[in-house]
Amino acid sequence: MLSQAAGTKGTVVNRKSKHIVIVGGGYVGLYTGLRLQRRLRRELRDGSVRVTLIDPRSYMTYQPFLPEVAAGNISPRHVVTPLRRVLPKIRILNGMVTKVHHERRTLVFQPPVGQARELDYDIIVMAAGSISRTLPIPGLADAAIGFKTIGEAIALRNRVLALLDRADSSDDPDVRRRALTFVVVGGGFAGIEVLAELQDMTSDAIKYYPTIEEKDLRWVLIEASDRILPEVGPEMGEWTAEQLRERGIELKMKTLLESCEGGLVKTSDGDEFEAATIVWTAGVKASPVVDSTDLPLDENGRIKTTTRLTVDGVEGAFAAGDIAGVPDVTQPGKYCAPNAQHAVRQAKVLADNIVAYLCGRELKEYRHRYVGSVAGLGLHRGVANVYGIKLRGFPAWFTHRTYHLLRIPTFNRKARVVMDWTLALFFRRETISLGELENPREVFRAAALSGRKR
């Protein structure tokens, strides 16, 4: 282990190069890397410490802004942070970690192209986040789309607008009804925000569609429990439900999605209808990489983590964010919620603890009392419960935007988001579907095939 130099508090001695590997480039991965760059500036420069970050993507996505991306309020590129630009002192590898042998201090890295290879490390940070938690519902994998990535947000926006084009261009009532029916499963933050933002966007868009009226659109929320937005409290959750109903959105509470084969939605309350858009936001689960490690897991399938963000009972392993079960010291017996608020703060403590571990100092506990929650419900509408102060409507919407603007990493991204919002004050948002971006070769392929027939 590296130790402090004599007479210099907190200085890492260059006895042997230490390799730190961060698995995951989300909130925890990015912010841990940023802090390690600052705290270990000299060590990274002289080579006594090396840091490698592994993630399938070359950027970090600020997920709270995905609903505004889907609604066209913010440009997609403005909510992603390029890892190589903000972490110049850290080696970025794009690919998957398919196996972690912590007892041997090795992992298997699989790049997008080429053979997998084994990497050695001294310290590992498990920060791979989460994926959508799905259920074995017939048709779900084929008919639905998740809402965790920038690609899903862009695809969803293009799909909704393309369906307006389809409905306006058809005289078939069945085609129109299916195209104009939109279903969101899950009444948490992701589900409510994307539902509200898309409904708000389509209300603006149909002004340019002479055959489509507001009453032709059907928006349906399916929620298994008896409440939505539990994070903002019962009172504000009920107020949000009333607001959504006033906007013509159907709320199916205490209802399960039973199947959606071919877009035919069947719910546990006996309802049955066709929908061309089904969005699944019903929870998350730890990244599958947890099943390919020798690290201990808790009862929820997450890496068992201590209050100091070390892996329980394991030397040289740290974890935080959605992939980790971090005990909440402010609420004994409970775990920290899997959200950005905790992840960003955990990353700071985690990075400091890595430095302390290298120097042989005592590690600190992660302690953070939950601030509260904010949610956007479309332009100039929102709901919030911050430090017990309950806000609704415009004040909540303004608080939501301000909070997340302050939290999105780098001044560059903050400035670009502000520019998007400023332009929106003077110009209407774009309501153009660019669905062909998902299959850019189709037109060329069709031209090539037609040429063969001549």
Side-chain angles (χ1 to χ4, degrees), residues 2 16-37 40 43-44 47-61 80-132 148-151 284-297 301-305 309-311 314-324 343 346-347 350-351 353-354 357-358:
L2 298 178
K16 178 186 175 184
S17 177
K18 290 290 186 178
H19 188 200
I20 303 169
V21 172
I22 303 172
V23 181
Y27 297 107
V28 174
L30 173 66
Y31 283 99
T32 298
L34 283 170
R35 195 161 181 86
L36 287 176
Q37 275 190 162
L40 299 173
E43 290 75 22
L44 290 170
S48 59
V49 173
R50 296 177 294 123
V51 182
T52 300
L53 187 150
I54 302 174
D55 194 90
R57 302 178 182 87
S58 61
Y59 55 84
M60 173 265 196
T61 303
V80 296
T81 302
L83 296 174
R84 287 181 173 85
R85 181 181 298 180
V86 300
L87 300 174
K89 305 300 182 183
I90 292 176
R91 175 77 189 279
I92 306 297
L93 296 179
N94 292 131
M96 302 288 294
V97 172
T98 59
K99 192 74 176 177
V100 175
H101 301 278
H102 187 68
E103 189 175 349
R104 297 180 359 219
R105 297 295 201 277
T106 64
L107 60 83
V108 178
F109 168 67
Q110 176 63 64
V113 179
Q115 296 295 316
R117 64 182 187 270
E118 195 171 79
L119 302 179
D120 298 324
Y121 65 83
D122 297 288
I123 298 173
I124 192 167
V125 178
M126 297 301 294
S130 61
I131 62 172
S132 296
K148 280 187 63 63
T149 69
I150 194 72
V284 297
K285 63 180 179 181
S287 168
V289 72
V290 298
D291 298 320
S292 301
T293 77
D294 54 359
L295 300 174
L297 304 182
R302 298 174 299 187
I303 294 176
K304 194 173 183 180
T305 310
L309 304 179
T310 59
V311 177
V314 178
E315 281 286 325
F318 295 78
D322 292 1
I323 200 172
Q346 287 172 1
L350 191 155
N353 279 348
I354 289 176
Y357 177 80
L358 290 171

Before you tell me yes or no, could you show the steps for I131 and V284 under side-chain contact (heavy atoms from CB on, under 4.5 Å), namely the whole-Å CA-CA distance, both residues' side-chain angles and the distance that decides it to 0.1 Å?
CA-CA 6 Å; I131 62 172; V284 297; over 6 Å; no
Could you walk me through whether I124 and V23 satisfy the side-chain contact (heavy atoms from CB on, under 4.5 Å) test, starting with their C-alpha distance in whole Å, then the side-chain angles of each, then the deciding distance to 0.1 Å, before giving a yes or no?
CA-CA 7 Å; I124 192 167; V23 181; 4.0 Å; yes
Under the criterion side-chain contact (heavy atoms from CB on, under 4.5 Å), I'd like the reasoning laid out for N353 against T310: C-alpha separation, chi angles, the key distance, then a yes or no.
CA-CA 9 Å; N353 279 348; T310 59; 5.8 Å; no
Determine, stepwise, if the pair I123 / K18 fulfils side-chain contact (heavy atoms from CB on, under 4.5 Å).
CA-CA 8 Å; I123 298 173; K18 290 290 186 178; 5.8 Å; no
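Of all the heavy atoms in Q346 and A320, the pair that sits closest is OE1-CB, 3.4 Å. In terms of heavy-atom proximity, V290 sits nearest to G301 at CG2-O, 3.6 Å. Contact between G25 and L83 at its shortest, heavy atoms only, is O-CD2, 4.0 Å. Of all non-hydrogen atoms in V311 and A319, the two that sit nearest each other are CG2-CB, 4.2 Å. Between A127 and G29, the closest heavy-atom pair is CB-N, 3.9 Å. Between V108 and A116, the closest heavy-atom pair is CG1-CB, 3.9 Å.
Considering OG1 of T98 and CZ of F109, their distance stands at 9.5 Å, rounded to 0.5 Å. How far OG1 of T61 is from NZ of K148: 10.0 Å, rounded to the nearest 0.5 Å. Put simply, CG on L297 and CZ on R302 are 11.0 Å apart, with the number rounded to the nearest 0.5 Å. The distance from atom CG of L107 to atom CG of L119, rounded to the nearest 0.5 Å, is 5.0 Å. Between the OH atom in Y27 and the OG1 atom in T32 there is a gap of 14.0 Å [rounded to 0.5 Å]. Atoms OG and CE, on S287 and M96 in that order, are 6.5 Å from each other to the nearest 0.5 Å.
Without hydrogens or angle criteria, T293 side chain to V100 main chain gives no donor-acceptor distance under 3.5 Å. In terms of modelled atom types and a separation under 3.5 Å, the side chain of D55 and the main chain of G24 share no donor-acceptor contact. Using a distance-only test at 3.5 Å, with no hydrogens or angles considered, no donor-acceptor pair links the side chain of E43 to the main chain of V49.
T52 places none of its side-chain heavy atoms less than 4.5 Å from the side chain of I20. At a threshold of 4.5 Å between non-hydrogen side-chain atoms, the residues L36 and I354 count as touching. The side-chain heavy atoms of V314 and L295, taken from C-beta on, include a pair separated by under 4.5 Å. At least one side-chain heavy atom of T149 sits under 4.5 Å from a side-chain heavy atom of R57. Between M126 and V289, the closest side-chain pair of non-hydrogen atoms falls below 4.5 Å. Side-chain contact check for L34 versus L87: some heavy-atom pair is nearer than 4.5 Å.
Counting only residues at least two apart or on different chains, the salt bridge (Lys or Arg N to Asp or Glu O under 4.0 Å) pairs with a member in residues 22-37 are R35-D352. Pairs passing the side-chain hydrogen bond (donor to acceptor under 3.5 Å, both in side chains) check and including a residue from residues 106-126, sequence neighbours excluded, read H102-Y121, R104-E118. Within the structure, the side-chain hydrogen bond (donor to acceptor under 3.5 Å, both in side chains) test picks out the following pairs touching residues 82-93 (sequence neighbours left out): R84-N94.
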